[in-house]
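Step one of this worksheet: look at the structure below.
Start at 1 with the first residue, then count along the sequence. Side chains are part of it too, since the values below use all heavy atoms of this structure and drop only hydrogens, waters and symmetry mates. Every value quoted in this text rests on a predicted model; they were computed, and no experiment measured them. Whatever order the structure lists them in is the order used to number ligands and atoms, beginning at 1.
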Amino acid sequence: MQAATSRTLPIAKQQAKAQRFDIYGPIHKALRRCMGGTLARLGTLDPHNEAERNVVLNDLDALLTLMNSHLQHENDFIHTAIEARRPGGAQRTADDHTEHLDSITSLQDESRALRNAPPAQRPALAQRLYSHFAVFVGENYIHMLVEETQNNAQLWVRYSDAELIALHDLLLASVPPVEMAQVVRWMAVSLNVSELNAMFVDMRQKAPAPAFEAMLDVAQRHMSAARWAALARSLGLPPVPGLVKV
Ligand SMILES: [Fe+2]
């Protein structure tokens, strides 16, 4: 862990200094929050409680599907962009993605095994799934920092912010609405209000009004009243529909 931190720290300092467009930042915050929360819930899961087991495993499966899709978006758009201007530049994180795909398949198998296991086998299968998912989360936390530092450093040298924003817009246009709602749900509880404001200002300019309003509704349902009020105020919206803005 220390080695990984020391490897990426100098680049992280450049990142903070440069204030360039960060294509990874918001989605990675959302995924970190979702992964950390899911790991905690697997840790406290009573494997004999069928209702709890189903809810937690459903959420785990949804996260694994999202991770699979996220990884594909990065391959299709970001890695392709890096490789176009520096062949081999995305090799390290592309290799990580190949391993992550195998891990996701194994975790899906373990989730299914726990879901269908007879009572005597449930505790051991729950512990196995918890342990293996913890390793997956740990590897992804390191992997995402490498992307945010080393891959971003390559993107920033070879692309302007206008080009990176256009690339991000293309990536977003490929994301189905159901997946977008899932991402916004996790961003609502992991980004700060300033970051959420930037996301919704951008969405308001580029997405159809019904899509913007639907995503804003998703965010509101998952935010605390205080955070929602701050976001609504920053967007010039009343915190409660129908109230006149003060
Ligand atoms: Fe990645």
Side-chain angles (χ1 to χ4, degrees), residues 1 3-5 7-12 14-16 18 20-39 59-108 132-159 161 163-176 178-180 182-187 190-191 195 199:
M1 177 69 74
T5 306
R7 263 203 312 275
T8 51
L9 199 57
I11 307 172
Q14 287 175 16
Q15 176 182 354
R20 293 287 308 273
F21 179 74
D22 182 0
I23 200 166
Y24 289 109
I27 181 63
H28 280 181
K29 265 194 168 181
L31 293 174
R32 283 186 179 101
R33 170 69 187 259
C34 187
M35 282 192 278
T38 303
L39 179 62
D59 288 349
L60 171 66
D61 290 345
L63 168 59
L64 293 173
T65 300
L66 179 63
M67 293 297 293
N68 197 329
S69 183
H70 168 70
L71 177 163
Q72 200 62 52
H73 299 322
E74 289 182 340
N75 285 348
D76 292 346
F77 292 91
I78 305 177
H79 285 182
T80 299
I82 293 172
E83 292 288 335
R85 296 191 183 177
R86 190 191 170 208
Q91 192 62 52
R92 174 178 176 180
T93 49
D95 289 345
D96 286 351
H97 285 179
T98 302
E99 290 181 11
H100 292 171
L101 280 173
D102 287 343
S103 299
I104 288 169
T105 300
S106 295
L107 290 165
Q108 288 169 328
H132 288 168
F133 185 67
V135 172
F136 178 74
V137 172
E139 287 179 349
N140 267 280
Y141 278 17
I142 299 289
H143 166 82
M144 290 192 291
L145 183 64
V146 171
E147 291 177 327
E148 290 162 16
T149 53
Q150 297 180 11
N151 283 9
N152 261 343
Q154 296 191 69
L155 289 168
W156 292 337
V157 166
R158 291 170 178 84
Y159 287 87
D161 275 352
E163 287 177 309
L164 293 177
I165 290 167
L167 177 68
H168 188 239
D169 288 346
L170 275 178
L171 189 163
L172 289 182
S174 76
V175 177
V178 171
E179 183 182 326
M180 185 61 77
Q182 190 184 7
V183 166
V184 169
R185 178 249 181 281
W186 286 108
M187 284 185 174
S190 57
L191 302 191
E195 292 165 334
M199 180 178 79

Side chains of Asn68 and Gln72: donor-acceptor distance under 3.5 Å anywhere?
no
Vertex the Fe ion (ligand 1): angle to NE2 of His143 and OE1 of Glu74, to 10°?
170°
Between Phe21 and Asp161 the two heavy atoms that sit nearest each other are N-OD1, 3.1 Å
Among side-chain atoms of Thr93 and His97, is any donor-acceptor pair under 3.5 angstrom?
no
Strictly under 2.8 Å, is the Fe ion (ligand 1) approached by any N, O or S atom of His97?
yes
May I ask you to check whether Asp96 brings an N, O or S atom to under 2.8 Å from the Fe ion (ligand 1)?
no
Do His143 and Glu99 get their side chains close enough for a donor-acceptor pair, meaning under 3.5 Å?
no
What is the name of the N/O/S atom of Glu147 that is nearest to the Fe ion (ligand 1)?
OE2
